[in-house]
Amino acid sequence: MTDSSLDRAEALTRYLYDNIPLTRAMALRVLPTEPGRLRLAAPHEPNRNPHGTVFGGSLATLAIAAGWTLLFDALRAEGLAFGLVIQHYQCDYRAPAAAEFVAEAELPADWPAFLERLRARGRARLTLPLRLYCEGREVLGAEAVYVARLEG
């Protein structure tokens with residue numbers, strides 16, 4: 001990865017820690033990727049349950065945060081002033097996670113249409129598929145709907 005992708009990852013991690021305290025408690029971190037993709041990782045220990053696996057709420061939170069952070073970063077790169085929230089989330093827990101776990105999100109093909117709707121109407125929704133992996137195995141599949149609204 002390039003220095004700029006590492007700088008971007010570190011800046012996004014700091015933003016999350018400063019603005020969403022739960023992300024600090026989970027010890028998550030943004031991993032370097034190219035623009036249009038996002039990977040978030042979190043360690044097992046602060047996210048464990050009594051069974052020695054990752055708490056299901058931590059898995060869901062990492063997925064939601066990955067989608068939100070991807071869109072936050074992409075909208076900010078467009079120079080927009082916006083608010084961004086999750087509207088709907090559904091997931092399937094596929095396997096337990098007992099080590100570091102990683103969420104992945106990527107801007108979908110309809111990203112340009114989403115931006116066009118947002119600029120034209122001042123508000124738009126986007127559905128993102130989200131995946132979580134632990135030790136190379138998919139442990140969660142999810143889909144989330146995020147709503148952006150222009151501000152100012």
Side-chain angles (χ1 to χ4, degrees), residues 1 5-78 80 82-115 117-118 123-150:
M1 287 291 135
S5 66
L6 182 59
D7 291 345
R8 175 178 153 259
E10 290 173 354
L12 284 170
T13 299
R14 279 191 308 276
Y15 181 88
L16 291 171
Y17 281 13
D18 290 345
N19 293 280
I20 305 173
L22 178 59
T23 62
R24 182 183 297 270
M26 290 178 65
L28 69 73
R29 68 190 186 291
V30 179
L31 302 176
T33 60
E34 64 277 359
R37 292 191 64 225
L38 191 107
R39 296 177 72 224
L40 283 182
H44 172 262
E45 184 57 28
N47 296 289
R48 67 178 165 72
N49 64 25
H51 309 291
T53 58
V54 175
F55 177 61
S58 291
L59 293 170
T61 299
L62 196 71
I64 291 166
W68 187 93
T69 306
L70 170 72
L71 296 177
F72 170 82
D73 188 47
L75 288 167
R76 193 169 58 174
E78 292 288 327
L80 299 172
F82 60 91
L84 180 65
V85 297
I86 186 162
Q87 182 182 44
H88 179 76
Y89 174 80
Q90 63 184 24
C91 71
D92 292 311
Y93 295 94
R94 299 195 170 136
E100 179 178 76
F101 52 110
V102 178
E104 297 184 353
E106 187 170 342
L107 291 178
D110 63 344
W111 172 249
F114 166 80
L115 283 175
R117 284 189 309 275
L118 180 60
R123 179 183 162 117
R125 287 181 184 82
L126 185 68
T127 301
L128 284 180
L130 306 161
R131 300 287 177 257
L132 266 75
Y133 298 90
C134 181
E135 298 180 320
R137 181 173 162 183
E138 186 174 353
V139 296
L140 183 140
E143 184 176 270
V145 178
Y146 297 87
V147 177
R149 182 184 317 196
L150 294 180

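For the pair L75/L118, a side-chain contact is recorded, criterion being any heavy-atom separation below 4.5 Å from C-beta on. The shortest side-chain heavy-atom distance between F101 and N47 falls under the 4.5 Å cut-off. The closest side-chain heavy-atom distance from W68 to I86 is not below 4.5 Å. Between L71 and L107 there is a side-chain heavy-atom pair separated by less than 4.5 Å. R76 is listed as a side-chain neighbour of L12, based on a closest heavy-atom distance under 4.5 Å. Contact of the P108 side chain with the L126 side chain is registered, since non-hydrogen atoms from C-beta on lie closer than 4.5 Å.
The 12-atom threshold is not exceeded at CZ of R149, counting heavy atoms of other residues, nucleotides or ligands nearer than 6.0 Å. For F55, the CZ atom sits in a loose shell: 12 or fewer heavy atoms of surrounding residues, nucleotides or ligands are nearer than 6.0 Å.
Of the possible donor and acceptor atoms, one in the side chain of R117 sits under 3.5 Å from a partner among the backbone N and O of R125. Proximity of a side-chain donor or acceptor of S5 to a complementary backbone N or O of E34 within less than 3.5 Å is not detected. In this structure, the side chain of T23 engages the main chain of L16 through a donor-acceptor pair within 3.5 Å.
A27 and P46 get closest at one heavy-atom pair: CB-CG, 4.1 Å. Residue V102 comes nearest to R39 through the heavy atom pair CG1-NH2, 3.5 Å, listed as atom of the first residue, atom of the second, then distance. For the residue pair L38 and A66, the shortest heavy atom distance occurs at CD2-O, 3.4 Å. Contact between P43 and M26 at its shortest, heavy atoms only, is CD-O, 3.6 Å. Counting all heavy atoms, side chain and backbone alike, F114 lies closest to A148 at CZ-CB, 3.8 Å. Between C134 and A98 the shortest heavy-atom distance is SG-N, 3.7 Å.
Contacts of R94 classified as side chain to side chain contact (heavy atoms under 4.5 Å, CB included), with partners at least two apart in sequence or in another chain: D92, R131, E138. E143 is linked by a side chain to side chain donor-acceptor pair (under 3.5 Å) to nothing, counting only residues two or more places apart in sequence or in another chain.
Screening residues 5-16 for salt bridge (Lys or Arg N to Asp or Glu O under 4.0 Å), with sequence neighbours left out, gives R8-D73.
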Derivation of the side chain to side chain contact (heavy atoms under 4.5 Å, CB included) call for L128 and W111: CA-CA 10 Å; L128 284 180; W111 172 249; over 6 Å; no
Test log, rule side chain to side chain contact (heavy atoms under 4.5 Å, CB included), inputs L28 and T61: CA-CA 10 Å; L28 69 73; T61 299; 6.0 Å; no
Audit row: V54, L62, side chain to side chain contact (heavy atoms under 4.5 Å, CB included) steps and yes/no: CA-CA 11 Å; V54 175; L62 196 71; over 6 Å; no
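To the nearest 0.5 angstrom, E104 atom CD is 11.5 Å from L70 atom CG. Taking OG of S58 as the start and CG of L132 as the end, the distance is 10.5 Å to the nearest 0.5 Å. Here the straight-line distance linking atom OG1 of T33 with atom CG of L6 works out to 11.0 Å at 0.5 Å rounding. Between atom OH of residue Y15 and atom OG1 of residue T69 there is a gap of 9.5 Å, rounded to the nearest 0.5 Å. Taking OH from Y93 and CG from L140, the interatomic distance works out to 6.0 Å, rounded to the nearest 0.5 Å.
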